[in-house]
Amino acid sequence: MKSYEHKSIEKKWAKRWEKDGLYKTKDVVKGKENFNLLVEFPYPSGNLHVGHWYAFAVPDILARFQRMRGKNVLYPIGFDAFGLPAENAAIKNKLNPRTWTLSNIEYMKKQIRSMGTSFDWSREVVTCDPAYYKWTQWLFLQFFKAGLVYRKETAVNWCLSCKTVLANEQVVNGTCERCDSEVEQRQMLQWNIKITDYADRLVDDLDALDWPKEIKESQKNWIGRSEGAEIDFPLDLGIKYKYVLLHGFEGAPDMPRFHFWKEELEKLGHEVIIPALPDTKNPSEEEQVAAALAATEYDERTVLFGHSLGAVVALKVLERLQKPIGRLVVAGGFIDPEFKDKRRNFEKRFSWKFDVKKIKSNTPVIHVLHETKDYGVSDKQLQRLEDFLGVKATHIEGEAPHFTGQKERSVLMWLRATIRVFTTRPDTLYGATYLVLAPEHPLLRQGFEGQAWLSTLQNKDEVKKYIESSKKKTEMERLALKKKTGVQLKAITAINPATGKAIPVYIADYVLGHYGTGAVMGVPAHDERDNEFAKKYELPIIEVIEPAVTQRAGLDAVREEEPFTERPAILAVVKHWSEDTYLCLAYKANDARGFISGGVDAGEDFLVAAQREIREESGYKNVVLVKSLGSVIHSKFYSPTKQKNLSAHFTPFLFELKDGEQEEVSEREKRIQEMCWMKKEEVANFVNRDDSRIAWRRAMGMDVYDGEGTLVNSGDFNGQSTESAREAITEKLGTVKTTYKLRDWIVSRQRYWGVPIPIVHCASCGPVAVKDSELPVKLPEVKDYLPEGSGKSPLAKAKKWVQVKCPKCKGKAERETDTLDTFVDSSWYYLRYTDPKNKKKFADAKKLQSWMPVDLYSGGAEHTTMHVLYSRFWHKALFDLGLTKEPEPYTRRMNRSLILGPDGQKMSKSKGNVIDPDEVVGRLGADTVRMYLAFIGPYNEINTYPWSPDSVVGVRRFLERVWRAQEYVGEADSPALENLLHKTIKKVGEDIATMKFNTAISTLMIFLNALEKETLRQAQGKKTLGKAQWENFLRLLAPFAPHITEELWAAGGQKKSVHKTVWPEYDASKLKEETISIAVQINGKTRAEAQVSGDADKKTLEKAAREAAATRLEGKKILRTIIVTGRLVNFVVEE
RNA sequence: GCCGGAGUGGCGGAAUGGUAUACGCGCACGACUCAAAAUCGUGUCUCGCAAGGGAUGAGGGUUCGAGUCCCUCCUCCGGCACCA
């Protein structure tokens, strides 16, 4: 027999398999079920590392196993070939990024082939291939046409030294990943994809997926959905206006919305006039304008508002005034009678002629509000209005179409200055004692919508300075300086809509501009951050929630269905007279630990009651009240001593003992609880009752209670639970709103080496999609790949390429020069695998259907919230467009572990701990490396495994012993090994299916150990193993070590590849052992063993066990005997 | 801080609520050898001479029986992080 020479064996079979097309996958095979196994395709960095082996070679075991189990398996591979490293290398070495990338791919393909993986290379996908990115562009345009893509001024990371935009992942701790220099936030026009439209579905659809919990959780976390309310706080700017509100066609001054606006404006001290316009069912210009003019005097403090036809009247009024007013607001207005739904009878009674010059000279500010679902006013009409007034309309979703709801709050917002806040705790509204705006808040923007709202601001310079300084603050500084800073907007106050009270307004950078509305209400009593801020700026802290806790676990958990006994009570934190210790009680009946507490008798003073309780429970007589510990703490629990549910309302106090004078505590009290003095730092851990914990935190002055409870100081809502108050207060004073942490996906990259965005900019048509027939828009050749300092992509340097004709109007136009984020490329590559060569479609629908969804997707944990989330979104969007048939792309997702260097550190060149797989493969063989990586630990759990150069040798030894074992193969099956073989077949199959490759391998090792023992020792080297047994063993080993098994298989005379054979079946009848050893336990502890036959019944087991433990059972009374067939007998005896 | 995961020999790890430490590495001793390597054999949680006892991060609970289920705490790892 030759020795095991892995090099020649592996080379030989790799060649043969490829020649035979062993792994070519057909889309449909009759009688076979399809199985789509996906691994993340690699970036062609140029060199394969151990991580790649772990990612590709280990799942290959499953792919091979499933094939042997009769599945038609798709195991594809490709390259994620666009991206920065190529461009950086190109800049550095003056190469073409394409050349660099393609040669890397060639090299890596060779390396990947050395793994012995069963990839179907005929389906290879390369994202930088125009044949691929044609469809990336096409899919992007489908989204563009569906309105999922938009351009927006977005804050981007700008590296001051590289003079380019960086992706978030390239910003590490606020500095540039490459050059370590400062990164600044800049506003730039960027292409965005509306992933936030899918936020809800991306969260909700997770429930139905068979994914590990941690992956689902981190996606949920990342999306960060929170439900709450938006509440409007009107501003009092110190100026009183006169509002003239003009109603529309068929309207009247007493319509609910006019009533609402009037009421709200009057609350702020403004004057409101709503003239009744005549002949409202049959209106004429002359009559209506005259009525409006007669209603009042118009001057610079007048705010003129017109709704619908009222807007036309308002414009006419302005035409005739002698002096200007303060402001004009129109909602649902128009200047011509061409409505999109129907004609109106006033069409001919108005002139539809306006003196725009006059109008504009009579008002310094014009606001045009357009309702997004307006049924009458058409886009064309709106456009004409905008053009006419020279003002861009503000698009708002009203309460009802055309702003006809009962309370049109959004209109009100534009009538008066309003700050809208988002909160998840509307129940704490009465405790809002100030407002805070983010420095980026639109109200603060210079010349905000032309409004002079901040004209009365007293400390303009200070505010400006603060805004400037926070803009300059880098992310790093913001993180480092966690202390809250802010500046008050002086002479401006907001009105708390619940209390009607004036509260101060601040700007502070602890409020984020991009989350919620960019403004928050400060509730210092119930929010830690607000509390910190309020303390610093000495703002009032008003408690509006009394904590309410319910004991849910343990012996004092409330008993369901039993009634509660209400009782007023006290809770006393008592400090030692000389030491820094506190009196705690441990209740004997229920393991509860807390402070002294007790009921207050009818008519009894709370302080007196507290002193009485201290005396009764501890015996101490002389106490002094230090302070009251705030509001009542409501607590529901079960009292074992009283044997009933209690609903206690504790008034908490802090006392200090004057001295140690103590009287004897009654026997009854001693039975109930034990008293002890705990050191200050130990109390928090010792006390386990929630009510006592709250009291303790208050005693230590660190309580900001943000839990549930009962409302106080909240007007009509007093006494309600926080839960119901959230709904009730939102209903009355706000609107329900859900916000997300997830932001839209910015896909613009000002980089060369990516997919060109297939859009053309035309001066008259705006951004226009490139025609399908013109796709792909190929990357132009440029001289150098350095980004321009201006933030333009290097594509802009291809001047000729940029100049095109507009696909719509054929006029002069320019190509978009940004490229797409590479996450776009990888958002759909798994779809292309199903039909990689299709020239007419991104993939054929039938082929998609035969392979999608992916059965198992294995990849790195770092992609959980990026690639995996993006591609789920992408797939859902395609689903909505009817391009895919299923709403989720991946049935199962699995995150892979990380392979560390031998020193337990992450492998890196600088640490010198990098394992070169090519070297190890050369020395020990691909089979050894594959198998070692599979053996290192469970593949379906996330962990970190150091590469162990010693352990890898262990696997090599195993394969060498397998090689030698061919010598033991005779003709007749070994009866001694038959049972074990069938057990091995069962276990290995089960373990591979659940990706526990490590235990599958150990099972194979156990079989080989037994085989050697049997052959070498029992049979002294005779050929004991049957040929059939040996071939079964080889088939079990084949998915792990494909080369050596193929060689041994062929050496045994087989012509067909072992990888084309079927997985062995086990014979259930052969799994049973003749004799087994069972455990004999006494009181649950193993004390002896007994040998019984494999099918022994309970009686036999008990008899054998009694004999085995006879001496130990002597003189003991057996109370119970528990018999578990095939396992153990447990005697429960008297101690 | 919040969310998630995990703590078992010297190391990677194994164990449907049922004989804890399978399998592999390492180590020790032995065989083979002039010798070494390779290979093979034996042993290898801990206390104890033994009989026995103890141990799965710590403490408690449920159970005939807990590494596994429940509660409290500690430590480590991952993610998010002023998200209102």
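Convention: sequence-line order gives letters A, B, ...; per-chain numbering from 1.
In this structure, A:Ser226 reaches the sugar-phosphate backbone alone: every heavy-atom distance under 4.0 Å involves primed, P, OP1 or OP2 atoms, never a base. When heavy atoms are screened at a 4.0 angstrom cut-off, A:Arg1087 is found touching the sugar-phosphate backbone but no base atom. A:Arg961 comes within 4.0 angstrom of sugar-phosphate atoms only, judged by non-hydrogen atoms across all strands, and of no base. Within the nucleic acid shown, A:Asn943 comes within 4.0 Å of sugar-phosphate atoms alone, with no base atom in reach, counting heavy atoms only. Looking at heavy-atom distances under 4.0 Å, A:Pro938 makes contact with sugar-phosphate atoms alone, never a base. Residue A:Tyr515 is in base contact, counting any heavy-atom pair closer than 4.0 Å across all strands shown. As judged by a 4.0 angstrom heavy-atom cut-off over every strand, A:Gly516 is placed among residues making no nucleic acid contact.
Proximity of A:Arg957 to the phosphate of B:C25: a side-chain N or O atom is located under 4.0 Å from OP1 or OP2. For A:Asn1083, no side-chain nitrogen or oxygen approaches OP1 or OP2 of B:G65 to under 4.0 Å. Phosphate contact (OP1/OP2 of B:A84, side-chain N/O of A:Tyr510, threshold under 4.0 Å): absent. For B:G54, one of the phosphate oxygens OP1 or OP2 lies less than 4.0 angstrom from a side-chain nitrogen or oxygen of A:Lys1085.
Distance, A:Trp947 CH2 to B:C25 C1': 14 Å, rounded to whole Å. Distance CZ (A:Arg225) to P (B:A84): 13 Å, rounded to an integer number of Å. Going from atom CZ of A:Arg593 over to atom C1' of B:C71 covers 11 Å, rounded to whole Å. Atom CG in A:Leu1008 sits about 16 Å away from atom C1' in B:A22, given to the nearest Å. Here the P atom of nucleotide B:C82 and the CG atom of A:Asp706 are 17 Å apart, to the nearest Å. As a whole-Å value, the separation of A:Leu980 CG from B:A22 C1' is 13 Å. The distance from atom CD1 of A:Ile1001 to atom P of B:G24 is 12 Å, rounded to the nearest whole Å. One interatomic measurement links the two molecules: CD of A:Glu941 to C1' of B:G7, which rounds to 13 Å at whole-angstrom precision.
A:Tyr932 pairs in a ring-ring contact (aromatic ring centres under 6.0 Å, His included) with only one of the listed residues (A:Trp947, A:Phe958, A:Phe1040), which is A:Trp947.
Among B:A84, B:C23, B:C3, the nucleotide with an atom closest to any side-chain atom of A:Glu217 is B:C3. Comparing B:C40, B:G79, B:C64 against the side chain of A:Arg1120 picks out B:C64 as the nearest. In this structure, of B:G79, B:C25, B:G5, it is B:G79 that holds the atom nearest to the side chain of A:Asn221. Distance from the side chain of A:Ile1006 is smallest to B:C23 among B:G12, B:C23, B:C25.
Figure legend. B:U63 is base-paired to no nucleotide; pairs are counted as Watson-Crick or G-U wobble with both atom distances under 3.5 Å. As the counterpart of B:G7, B:C74 is assigned, both hydrogen-bonding distances of the Watson-Crick or G-U wobble pattern falling under 3.5 Å. Base pairing of B:C82: no nucleotide in any strand meets the Watson-Crick or G-U wobble criterion (both distances under 3.5 Å). Partner assigned to B:A20 is none, using Watson-Crick or G-U wobble distances below 3.5 angstrom. Under the Watson-Crick and G-U wobble criteria, each requiring two contacts below 3.5 Å, nucleotide B:G48 is left unpaired. With a cut-off of 3.5 Å on both pairing distances, the Watson-Crick or G-U wobble partner of B:G41 is B:C29. Across all strands shown, B:U56 forms no Watson-Crick or G-U wobble pair with both distances under 3.5 Å.
Remark on RNA chain B: of its neighbouring residues A:Val1132 and A:Met1005, the 5'-side contact belongs to A:Met1005, judged by nearest-heavy-atom nucleotide. Comparing A:Phe422 and A:Val952, the nucleotide of RNA chain B nearest to each residue sits closer to the 5' end for A:Val952.
Nucleotide B:G60 carries an anti base; the chi torsion (O4'-C1'-N9-C4 or O4'-C1'-N1-C2) is more than 90° from 0.
B:C80 sits 27 Å from B:C71 when the C1' atoms are compared, rounded to a whole Å. B:C73 and B:C23 have their P atoms separated by 39 Å, given to the nearest Å. Of the P atoms belonging to B:A20 and B:G12, the separation is 23 Å, rounded to the nearest Å. Nucleotides B:A36 and B:G24 have their C1' atoms positioned 25 Å apart, rounded to a whole Å. Using atom C1' as the reference point in both B:G17 and B:G67, the two lie 11 Å apart (nearest Å). Rounded to the nearest Å, the gap between the C1' atom of B:A66 and that of B:C32 is 48 Å. One C1' atom belongs to B:G7, the other to B:G59, and the distance between them is 16 Å to the nearest Å. Using atom C1' as the reference point in both B:G79 and B:C47, the two lie 44 Å apart (nearest Å).
With A:Phe533 as the aromatic partner, A:Lys484 does not meet the cation-pi criteria of under 6.0 angstrom to the ring centre and within 45 degrees of the ring axis. Annotation: cation-pi pair A:Arg957/A:Trp963 absent, no NZ/CZ under 6.0 Å from the ring centroid and within 45° of its normal. Cation-pi contact between A:Arg689 and A:Phe637: present, with separation from the ring centre below 6.0 Å and deviation from the ring axis of at most 45°.
Between A:Asp210 and A:Lys216 there is no salt bridge, since no side-chain nitrogen of the basic residue lies less than 4.0 Å from a carboxylate oxygen of the acidic one.
Judged purely by atom type and a 3.5 angstrom limit, A:Asp744 uses its side chain to pair as donor or acceptor with the backbone of A:Ile195.
Put simply, the side chain of A:Ile936 does not reach to within 4.5 Å of the side chain of A:Asn998, judged on heavy atoms.
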ring-ring contact (aromatic ring centres under 6.0 Å, His included) between A:Tyr537 and A:Tyr434, worked out: CA-CA 11 Å; A:Tyr537 294 101; A:Tyr434 64 99; 8.8 Å; no
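Between the side chains of A:Thr739 and A:Tyr515, at least one donor-acceptor pair of N or O atoms lies under 3.5 Å. Between the side chains of A:Thr994 and A:Asn940, not a single donor N or O lies within less than 3.5 Å of an accepting N or O.
Looking at A:Lys484, its side chain comes within 3.5 Å of the base of B:C82 through a donor and an acceptor atom.
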Per-nucleotide protein contact string for nucleotides 15-20 of chain B, where B marks a base within reach and S marks sugar-phosphate only (heavy atoms under 4.0 Å, - for neither): -B-BBS
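A:Tyr705 and A:Ile694 get closest at one heavy-atom pair: CE1-CD1, 3.8 Å.
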